[in-house]
S.K.: 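Please see the structure below; I have some questions.
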Amino acid sequence: MRGKRERLLREMYAAMHDRLGPSGWWPGETPLEVCVGAVLTQNTAWVNVKQAIQRLRDAQVLASGHALLALSEAELSELIRPAGFFRLKAVRLRNLLRFLDDACGFDFGVLAGQDLGDLRPRLLKVSGIGPETADSVLLYAVGLPTFVVDAYTRRILHRHAMVPEDIPYHDLRDVFMDVLEPDVPLYNEYHALIVRVAKDWCRARTPRCADCPLCPFLDGGVA
DNA sequence: ATCCAGCTTG
DNA sequence: CAAGCCGGAT
């Protein structure tokens, strides 16, 4: 039944929030930077993304989307090299920037007024922008209530026996959105808490379940 | 199922 | 020094 999972999801949120406090978390200083980070972090550790973003900042091209678009693909890929997959990501980032330019001229407030059900599919048509990148842009750069699912979300819920390991992106997204009211600050904070818990406790190789904020939700209690 | 890649961590 | 990284396209 769905009621049980709803209760679990709300209790897990409360447990993380009680232990860790509010995250005050935003994956970038500006909406534009959030978009850049969303592409660069595709299957890439955030620490590497930070280096790439710093190089863009130092090159003074992070001030506007137009400044970024003024770079050649080769120049851009060289700057973002530390983030890995750099040739591919240069193309993807430029695709996203061009979309943003024609959609709103980098005025993100314009996008915020649009309907999520309309804007999301348009973003997904941009080559290189998949569901996670799209949702990250929509939630953190635009401010529309879509839940961001990532590898951490999947790992945590799977380890807590709530979903199969190979659950598709949209099914996992629905797990949250079917139960949580559309609320940007809530979605923001929930995802932020998941990221913090995954990095510090629910790690891939050596999980530290014993003192994890979510250990009360493990199958047999403390592992 | 494979490719795309550099970088940090345990 | 290998595993893994806030994926997506072909």
Side-chain angles (χ1 to χ4, degrees), chain A residues 12-13 16 20 23-29 31 33-56 73-74 76-99 120-142 146-159 163 165-173 175-177 184 187-212 214:
Chain A
M12 289 169 76
Y13 177 87
M16 291 190 290
L20 304 179
S23 304
W25 196 72
W26 218 271
E29 300 295 321
E33 197 178 308
V34 169
C35 295
V36 172
V39 171
L40 295 187
T41 198
Q42 289 173 358
N43 200 42
T44 299
W46 189 256
V47 57
N48 298 330
V49 175
K50 279 196 297 187
Q51 296 186 46
I53 289 186
Q54 188 56 46
R55 286 164 64 91
L56 294 172
E73 189 183 308
L76 179 58
S77 67
E78 196 50 40
L79 284 170
I80 65 175
R81 180 185 274 268
F85 302 142
F86 54 97
R87 282 179 285 264
L88 191 54
K89 285 174 181 176
V91 173
R92 292 179 176 182
L93 180 53
R94 287 170 60 83
N95 290 346
L96 175 58
L97 291 170
R98 264 186 261 105
F99 171 84
R120 189 171 189 274
R122 284 167 55 209
L123 252 183
L124 288 173
K125 285 180 196 156
V126 178
S127 178
I129 306 305
E132 180 181 339
T133 308
D135 285 330
S136 193
V137 166
L138 289 166
L139 179 65
Y140 288 105
V142 180
T146 184
F147 200 90
V148 178
V149 160
D150 57 20
Y152 293 158
T153 314
R154 186 174 286 100
R155 184 163 75 212
I156 289 177
L157 291 223
H158 173 248
R159 284 182 173 168
V163 301
E165 189 170 17
D166 59 351
I167 183 174
Y169 184 94
H170 288 98
D171 293 352
L172 186 49
R173 176 173 177 263
V175 165
F176 289 87
M177 294 189 69
V184 169
Y187 288 1
N188 177 324
E189 182 63 20
Y190 208 137
H191 179 66
L193 289 167
I194 283 174
V195 171
R196 293 168 71 192
V197 165
K199 290 174 95 74
D200 291 340
W201 291 276
C202 202
R203 305 181 298 183
R205 282 184 263 185
T206 54
R208 302 169 49 195
C209 302
D211 59 327
C212 176
L214 293 178

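Not measured: the values here are computed from a predicted model. Sequence lines set the chain letters: A, B, ... in the order given, protein chains first and strands last, and positions in each chain run from 1.
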S.K.: Let me know, please, whether A/Gly130 or A/Asn48 comes out on the 5' side of the other along DNA chain C by nearest nucleotide.
M.R.: A/Asn48
S.K.: Kindly give the heavy-atom pair with the smallest separation between A/Lys199 and A/Trp46, and that separation in Å.
M.R.: NZ-CB, 4.3 Å
S.K.: Within this structure, what is the CD-to-P distance between A/Gln51 and B/dA5, rounded to whole angstrom?
M.R.: 17 Å
S.K.: Please report the closest heavy-atom contact between A/Glu189 and A/Gly24, naming both atoms and the distance.
M.R.: OE1-N, 4.1 Å
S.K.: What's the NZ-C1' distance between A/Lys125 and C/dG8, to the nearest Å?
M.R.: 18 Å
S.K.: Within the pair A/Arg155 and C/dC5, is there a side-chain N or O less than 4.0 Å away from OP1 or OP2?
M.R.: yes
S.K.: So what does A/Pro131 touch, heavy atoms closer than 4.0 Å: a base, only the sugar-phosphate, or nothing?
M.R.: sugar-phosphate
S.K.: Within the 4.0 Å heavy-atom criterion, would you say A/Val91 contacts the bases, only the backbone, or no part of the nucleic acid?
M.R.: nothing
S.K.: Would the distance check show the side chain of A/Gln42 and the main-chain N or O of A/Gly128 forming a donor-acceptor pair, the cut-off being under 3.5 Å?
M.R.: yes
S.K.: Need to verify one output field. Residue with the more 5' nearest nucleotide on DNA chain B, A/Lys199 or A/Leu88?
M.R.: A/Leu88
S.K.: Tell me: CD1 of A/Ile53 to P of B/dC7, nearest whole Å?
M.R.: 15 Å
S.K.: Provide, to the nearest angstrom, the distance between the NZ atom belonging to A/Lys89 and the C1' atom belonging to B/dC3.
M.R.: 14 Å
S.K.: For residues 79-87 of chain A, which residues have at least one heavy atom under 4.0 Å from DNA chain C?
M.R.: none
S.K.: Taking the six-membered ring where the residue is Trp, are the ring centres of A/Tyr187 and A/Phe176 under 6.0 Å apart?
M.R.: no
S.K.: Does A/Arg205 have a side-chain nitrogen or oxygen under 4.0 Å from the phosphate oxygens OP1 or OP2 of B/dT9?
M.R.: no
S.K.: How would you label the contact of A/Val47 with the nucleic acid (heavy atoms, under 4.0 Å): base, sugar-phosphate, or nothing?
M.R.: sugar-phosphate
S.K.: Please give the distance between the P atoms of C/dT10 and B/dA5 as a whole number of Å.
M.R.: 15 Å
S.K.: Write down the distance between CG (A/Leu172) and C1' (C/dG7), rounded to a whole number of angstrom.
M.R.: 14 Å
S.K.: On DNA chain B, nearest-nucleotide positions of A/Thr206 versus A/Thr44: which is more 5'?
M.R.: A/Thr44
S.K.: Apply salt bridge (Lys or Arg N to Asp or Glu O under 4.0 Å) to residues A/Asp135 and A/Arg120 and explain how you reach the verdict.
M.R.: CA-CA 8 Å; A/Asp135 285 330; A/Arg120 189 171 189 274; 2.7 Å; yes
S.K.: Find out whether the Lys NZ or Arg CZ of A/Arg173 is both under 6.0 angstrom from the six-membered ring centre of A/Phe147 and within 45° of the ring's axis.
M.R.: no
S.K.: So, applying side-chain contact (heavy atoms from CB on, under 4.5 Å) with A/Ile194, which one of A/Val148, A/Ile156, A/Leu157 is it?
M.R.: A/Ile156
S.K.: Assign A/Ile194 to base, sugar-phosphate, or nothing according to its heavy-atom contacts below 4.0 angstrom with the strands shown.
M.R.: nothing
S.K.: Look at the side-chain N and O atoms of A/Thr133 and state whether any lies under 4.0 Å from the OP1 or OP2 oxygen of C/dG8.
M.R.: yes
S.K.: Could you check whether any side-chain N or O of A/Arg154 sits under 3.5 Å from a backbone N or O of A/Ile167, counting only pairs where one atom can act as donor and the other as acceptor?
M.R.: yes
S.K.: Expressed as a whole number of angstroms, how long is the span from A/Arg203:CZ to C/dC5:C1'?
M.R.: 14 Å
S.K.: Describe the nucleic acid contact of A/Ser136 in one word from base, sugar-phosphate, nothing, applying a heavy-atom distance below 4.0 Å.
M.R.: nothing
S.K.: Would you mind reading off the distance between A/Asn43 atom CG and B/dT8 atom P, rounded to a whole angstrom?
M.R.: 17 Å
S.K.: Using only side-chain N and O atoms of A/Gln42, determine if any of them is under 4.0 Å from OP1 or OP2 of C/dA9.
M.R.: no
S.K.: I need the NE2-P distance between A/His170 and C/dG8, as an integer number of Å.
M.R.: 10 Å
